[in-house]
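In what follows, a single structure is set out as structure tokens and then discussed.
Letters A, B, ... mirror the listed sequences (proteins, then strands); counts begin at 1. Source: prediction; values computed, not measured.
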2 protein chains.
Amino acid sequence: MSQGPPLPPLEQTVPEVVVQRLPQYVRVLGALVREEVEVVSSHQLGERLQTTPAQIRKDLSYFGRFGKQGRGYSVGNLQRQLKDILGLSRQWNVGLVGVGRLGLAILSYPGFAPEGFRIVAAFDADPTQVGQNIGGVGVYAMDDLARMVQEMDISIGVVAVPGMHAQQVVDRLVECGVRAILNYAPTSPQTHEGVRIRNIDPVLSLQSMTYYLMGPERGENGQSQE
Amino acid sequence: MSQGPPLPPLEQTVPEVVVQRLPQYVRVLGALVREEVEVVSSHQLGERLQTTPAQIRKDLSYFGRFGKQGRGYSVGNLQRQLKDILGLSRQWNVGLVGVGRLGLAILSYPGFAPEGFRIVAAFDADPTQVGQNIGGVGVYAMDDLARMVQEMDISIGVVAVPGMHAQQVVDRLVECGVRAILNYAPTSPQTHEGVRIRNIDPVLSLQSMTYYLMGPERGENGQSQE
DNA sequence: GCTTGTGAAGACCTTCACAGCA
DNA sequence: TGCTGTGAAGGTCTTCACAAGC
């Protein structure tokens with residue numbers, strides 16, 4: 001799975017949970033920038049993020065030393081560094097598969113572009129959809145997927161097709177070289193080696209909350225996120 | 001936080017991760033029912049769910065003994081049992097806050113009702129929205145929240161307001177007695193004791209995937225879900 | 001034979017607690 | 001004094017491995 005013996009820098013492997021928390025740190029730092037706060041301690045960050053200061057310091061320590069003892073972290077600097085680490089200092093081109101009700105909602109969602117995620121092409125299996133232009137985004141046939149991924153430098157796929165077809169769409173995307181997929185279909189597709197999938201599945205979220213709504217008292221601790 | 005000394009039945013506390021996996025089990029079991037499979041082993045379930053058989057057996061063992069040695073689990077029976085445990089054998093009334101673009105998309109999403117989640121009322125701070133009827137769902141003022149939660153037996157809140165207002169909406173819902181909240185706003189609200197919040201945040205999902213798209217080779221293992 | 005249920009072992013992540021430094 | 005960065009300790013979740021039973 002890994003390479004030969006030379007063994008490059010190889011920064012100690014970072015737990016996936018940590019990577020998943022970093023974007024939240026970036027977001028809070030963005031809020032602090034807007035509030036014109038210049039320095040922040042791990043304790044203050046912990047309050048905003050509902051975590052412990054230790055967690056934040058430990059997380060950051062996987063990537064470097066960003067703070068100053070006795071003072072804390074420079075808000076602007078830390079935000080910039082984390083964005084660089086996460087790859088958020090650049091734009092990413094996104095391909096959307098499925099322009100049904102859900103796909104259209106995603107296309108019209110204004111939250112992606114400001115964060116650097118640009119939907120540059122849409123795809124659909126239905127020939128009557130192909131050729132359309134929806135809010136500036138062209139709709140292509142699935143057969144054009146490989147070509148368009150190349151030509152438009154698409155590195156992220158968004159899947160918004162019926163659950164029944166999600167797996168094959170994921171497989172197609174992976175074949176075409178896409179290694180990060182955001183899946184809105186109510187199915188957890190089989191994952192491929194080296195490919196990241198994140199599922200957006202509100203029904204599953206609801207279904208795990210109802211457990212705590214049952215019985216007289218099952219909700220002992222009141223946390224939990226995402 | 002816990003009670004006195006009598007210490008009732010108190011089934012060993014179930015890890016939250018386990019509760020979050022159960023709905024996926026239920027879903028796969030549903031697929032097996034439709035395929036008319038009658039018996040399934042933890043190994044087979046593990047294949048479909050990309051987990052180990054041991055994980056599944058351990059998870060189930062928190063709730064009872066559902067299998068038969070040498071045979072496996074009765075698909076129908078196991079599904080029924082898990083649904084009962086999760087509270088999925090009944091309907092749940094849901095209140096939606098925010099009927100902007102996102103709220104409307106949620107209202108028209110056909111995936112909730114078949115799973116037993118019925119959106120019975122919508123709320124909005126904008127007086128010009130109040131009084132509408134959207135696909136059979138009335139839009140009420142925020143001042144009616146407490147009353148409607150009572151009258152309509154709303155136990156789950158869905159938040160679809162701008163990030164800026166998410167926290168206060170969550171607080172209002174909690175005040176009104178709602179203890180399970182699905183939050184679509186791009187903010188992680190502070191959680192209250194005894195209240196469950198699940199955040200639907202596609203941008204955060206994207207932002208944690210880009211990390212693995214950076215650099216020559218950082219994506220060592222190719223798993224990860226949600 | 002095959003598969004469950006489970007204590008014990010192990011891996012992983014979080015929290016503690018303190019040395020080091022501004 | 002105040003706060004970071006971090007090894008070590010502690011907890012939690014996962015995996016192993018096997019007794020029990022069909």
Task: Side chain of B:Gln69 - closest among D:dG21, C:dC21, D:dT15 - done: D:dG21
Open item on the list: So if I take every side-chain heavy atom of A:Pro15 and compare against C:dC21, D:dT14, C:dC13, which nucleotide ends up nearest?
Closed with: C:dC13
Value in whole Å for how far the [atom2] atom of [N] lies from [atom1] of [X]:
X: B:Leu22; N: D:dC13; atom1: CG; atom2: P; result: 14 Å
X: A:Phe66; N: C:dA22; atom1: CZ; atom2: C1'; result: 19 Å
X: A:Leu49; N: C:dT15; atom1: CG; atom2: C1'; result: 17 Å
X: A:Gln44; N: D:dT4; atom1: CD; atom2: C1'; result: 14 Å
X: B:Glu16; N: D:dC13; atom1: CD; atom2: P; result: 9 Å
X: A:Lys68; N: D:dG5; atom1: NZ; atom2: C1'; result: 14 Å
X: B:His43; N: C:dG5; atom1: NE2; atom2: C1'; result: 18 Å
X: B:Leu45; N: C:dT4; atom1: CG; atom2: C1'; result: 13 Å

TODO: Please figure out whether A:Gly72 or A:Lys58 has its closest DNA chain D nucleotide nearer the 5' end.
DONE: A:Gly72
Open item on the list: Does atom CD (B:Gln91) have a neighbourhood of more than 12 heavy atoms from anything else shown, all under 6.0 Å?
Closed with: yes
Task: Heavy atoms of other groups near B:Glu36 CD, more than 12 under 6.0 Å - done: no
Open item on the list: Determine whether a donor-acceptor pair (one donor, one acceptor, N or O, separation below 3.5 Å) exists between the side chain of B:Arg57 and the base of C:dG5.
Closed with: yes
Phosphate contact ([N] OP1 or OP2) by [X] side-chain N/O below 4.0 Å:
X: A:Tyr73; N: D:dG2; result: no
X: A:Thr52; N: C:dT15; result: yes
X: B:Ser42; N: C:dT3; result: no
X: A:Arg21; N: C:dT14; result: yes
X: A:Gln55; N: C:dT14; result: yes

Open item on the list: Please compare A:Arg71 and A:Val17 by the position of their nearest nucleotide in DNA chain C and report the one closer to 5'.
Closed with: A:Val17
Task: Heavy-atom closest pair, residues B:Val161 and B:Val97 - done: CG1-O, 3.5 Å
TODO: Run the salt-bridge test on B:Arg27 and B:Glu115 with the 4.0 Å N-O cut-off and return the result as yes or no.
DONE: no
- [ ] Answer yes if the side chains of B:Thr191 and A:Gln50 hold a donor-acceptor pair under 3.5 Å, and no otherwise.
- [x] yes
